[in-house]
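Residue numbering restarts at 1 for every chain, and letters A, B, ... go by the order of the sequence lines.
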Amino acid sequence: MLQQTVVKTVIPYFHHFLGRWPSVAELARADLDEVLHAWQGLGYYARARNLHKCAQTVVRDHDGQFPDTEDGLRALPGIGPYTAAAVAAMAFGRKASPVDGNIERVVARLFAVTDPLPGVKGELRRLAEGLTPARRAGDHAQALMDLGATICLPRGPLCSRCPLQKGCDSHAQGIAASLPRRRPKAERPTRYGVAFCLFDDRGRLLLRRRPEKGLLGGMMEVPSTPWRETDWQPHEVTEFAPLSTNWQGLPGLVVHTFTHFRLELSVRTGTGGRPAGEAEIWQAPADLGDLALPTVMKKVLRHAL
DNA sequence: TATTCGTGGTA
DNA sequence: TTACCAAGAAT
């Protein structure tokens with residue numbers, strides 16, 4: 001949960017998850033649908049799918065016990081270099097060097113590394129390994145992360161309060177605030193789509209499940225045109241409607257920003273009925289809380305309802 | 001190595 | 001409002 005997500009956001013999800021699935025075995029037995037539902041709003045939904053798969057792997061291949069080495073952990077779904085090192089050090093007392101965004105920043109400043117990320121990741125990791133003590137490597141890593149989160153801030157580092165100020169190369173050179181440098185990010189294009197909110201004669205709404213892989217994988221959505229980088233002309237849209245009916249365009253747009261593109265959705269509403277196809281369901285608006293809906297779809301539904 | 005993955009807080 | 005970025009991983 002903490003991968004690329006701030007602690008404050010994670011905490012309520014964490015408690016809810018451990019209340020609902022207190023053990024690896026129970027999580028492994030859960031339906032993926034339930035797991036995605038409990039994850040809704042947290043983002044990066046591949047993490048939920050990987051966590052579920054990871055629990056099943058631990059139960060099936062490791063007798064329900066997590067591997068206690070960095071390499072063993074690294075082989076599990078959703079566990080990469082950071083998480084493997086963090087769990088090895090914090091949970092199992094191993095000497096390992098987890099390097100997150102905070103530690104990258106602290107180390108880059110401590111050693112005045114001026115080459116840009118992400119190219120310099122490997123060097124920062126080697127420098128971090130050189131700082132890691134043989135004992136209490138987990139506490140050491142958490143101390144560096146907390147230093148990064150409270151003192152060695154991304155903008156405006158509080159060097160006067162920093163316990164490492166004396167040994168900090170970038171502070172000596174007066175360039176701490178400018179580190180770490182990053183390769184300029186690609187511009188964020190805008191994509192456009194038309195979303196269809198179809199209601200049957202009982203007031204139920206037609207929803208469909210997105211493909212398992214890719215953006216918002218496995219989450220529910222209202223039917224829509226593809227999301228493309230050119231706007232849609234009215235005559236192009238009809239073939240993507242879930243039904244031929246008297247569609248009404250709603251005023252205004254739903255705007256949502258993802259990691260690598262901005263999305264503008266116009267919303268059309270209509271009435272009509274037909275059997276739900278594969279991966280589709282008719283759902284009463286009052287029961288939308290039972291489904292795994294990404295934030296962008298919550299915005300669409302709030303707009304339409 | 002570069003891209004593709006969400007969402008919310010903050011300056 | 002915009003830009004940045006957060007206990008990164010998979011492809």
Side-chain angles (χ1 to χ4, degrees), chain A residues 1-14 36 39-54 73-91 96-108 115-125 128 137-150 152-158 177-191 210-219 221 227 255-263 292-299:
Chain A
M1 287 180 173
L2 288 165
Q3 291 166 358
Q4 286 287 282
T5 304
V6 293
V7 174
K8 183 182 175 186
T9 300
V10 162
I11 286 171
Y13 286 89
F14 177 79
L36 286 172
W39 203 275
Q40 71 175 347
L42 198 53
Y44 286 141
Y45 298 97
R47 295 181 300 177
R49 301 193 295 275
N50 285 331
L51 180 63
H52 185 236
K53 191 186 304 178
C54 179
L73 290 160
R74 178 69 182 80
L76 293 169
I79 298 190
Y82 165 77
T83 307
V87 174
M90 298 177 200
S97 304
V99 179
D100 73 331
N102 288 299
I103 296 182
E104 282 182 350
R105 181 171 62 256
V106 169
V107 171
D115 296 329
L117 286 168
V120 78
K121 255 180 192 303
E123 184 185 346
L124 293 178
R125 177 175 175 106
D139 287 345
H140 178 262
Q142 291 181 75
L144 288 183
M145 287 189 255
D146 286 345
L147 183 71
T150 60
C152 197
L153 301 171
R155 282 175 287 190
L158 309 175
S178 72
L179 299 180
R181 295 180 183 160
R182 296 181 189 277
R183 174 171 47 80
K185 297 178 180 172
E187 64 194 71
R188 206 176 347 233
T190 297
R191 297 186 191 173
R210 293 178 60 85
E212 283 303 317
K213 299 207 168 191
L215 183 71
L216 307 177
M219 305 293 282
E221 67 174 3
W227 300 344
V255 180
H256 187 77
T257 302
F258 293 96
T259 307
H260 52 294
F261 66 94
R262 203 177 84 97
L263 179 65
L293 290 169
T295 296
V296 61
M297 286 301 141
K298 291 193 170 190
K299 289 183 183 177

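Here the CG-CG distance, from L293(A) to L36(A), works out to 11.5 Å after rounding to the nearest 0.5 Å. Note that the CD1 atom of I103(A) and the CE atom of M145(A) stand 4.5 Å from one another [nearest 0.5 Å]. Taking CD from Q40(A) and OH from Y13(A), the interatomic distance works out to 7.0 Å, rounded to the nearest 0.5 Å. Here CZ of R105(A) is found 7.0 Å from CG of L153(A). Values are rounded to the nearest 0.5 Å. Separating the CZ atom in R210(A) from the CG atom in L215(A) is a distance of 5.0 Å, to the nearest 0.5 Å.
Atom-to-atom, CG of L153(A) to C1' of dC5(C) comes out at 12 Å; the value is rounded to the nearest Å. Between D146(A) atom CG and dA7(C) atom C1' there is a gap of 10 Å when expressed in whole angstrom units. The separation between L73(A) atom CG and dA9(C) atom P is 12 Å, rounded to whole Å. Regarding K185(A), its NZ atom lies at a distance of 10 Å from the C1' atom of dA6(C), rounded to whole Å. In this structure, CG of L117(A) is placed 10 Å from P of dC5(C), rounded to the nearest angstrom. Nucleotide dA6(C) holds its P atom 8 Å from the CD atom of E104(A), rounded to whole Å. In this structure, NE2 of H52(A) is placed 19 Å from C1' of dA10(C), rounded to the nearest angstrom. When rounded to the nearest whole Å, the span between CG of L76(A) and P of dG8(C) equals 19 Å.
Taking the six-membered ring wherever Trp is involved, the centroid distance between the rings of H260(A) and F258(A) does not fall below 6.0 Å.
The nucleotide range of DNA chain B contacted by chain A, defined by atoms under 4.0 angstrom from heavy atoms of the protein and reported 5' to 3', is dT4(B) to dG8(B).
In the model, R47(A) has no side-chain atom that pairs as donor or acceptor with a side-chain atom of N50(A) under 3.5 Å.
Backbone-only engagement by T295(A) is indicated by non-hydrogen atom pairs under 4.0 Å involving sugar-phosphate atoms exclusively. Contacts of P77(A) with the nucleic acid, taken as non-hydrogen atoms under 4.0 Å apart, involve only primed sugar atoms and P, OP1 or OP2. When heavy atoms are screened at a 4.0 angstrom cut-off, G119(A) is found touching no nucleic acid atom at all. When heavy atoms are screened at a 4.0 angstrom cut-off, P81(A) is found touching the sugar-phosphate backbone but no base atom. Within 4.0 Å of T83(A), counting heavy atoms only, lie sugar-phosphate atoms of the nucleic acid but no base atom. Using a 4.0 Å heavy-atom distance criterion, G217(A) is classed as making no nucleic acid contact. Residue contacts shown for I79(A) are limited to sugar-phosphate atoms, with no base heavy atom under 4.0 Å away. The residue R49(A) sits apart from the nucleic acid: no heavy atom pair falls under 4.0 Å.
Listed nucleotides: dC4(C), dA9(C), dA7(C). Nearest to the side chain of L2(A): dA7(C). With dT11(C), dG8(C), dA7(C) as the candidates, the nucleotide lying closest to the side chain of K213(A) is dT11(C).
Taking the nucleotide of DNA chain B with the nearest heavy atom to each of R155(A) and Q3(A), the more 5' of the two is matched to Q3(A). Heavy-atom nearest nucleotides on DNA chain B were determined for K8(A) and for P294(A), and the one closer to the 5' end corresponds to P294(A).
Atom CD of E212(A) sits in a crowded spot, with more than 12 heavy atoms from other residues, nucleotides or ligands closer than 6.0 Å.
Checking the phosphate oxygens (OP1, OP2) of dG8(C), a side-chain nitrogen or oxygen of Q4(A) falls inside 4.0 Å. Regarding contacts with the backbone of dA9(C), every side-chain N or O of R74(A) stays at 4.0 angstrom or more from both OP1 and OP2.
Look at the P atom in both dA7(C) and dT4(B): the space between them is 25 Å, to the nearest Å. Taking the P atoms as reference points, dT11(C) lies 14 Å from dG6(B), given to the whole Å.
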CA sep, side-chain torsions, deciding dist, call: M219(A), Y45(A), side chain to side chain contact (heavy atoms under 4.5 Å, CB included)
CA-CA 8 Å; M219(A) 305 293 282; Y45(A) 298 97; 3.4 Å; yes

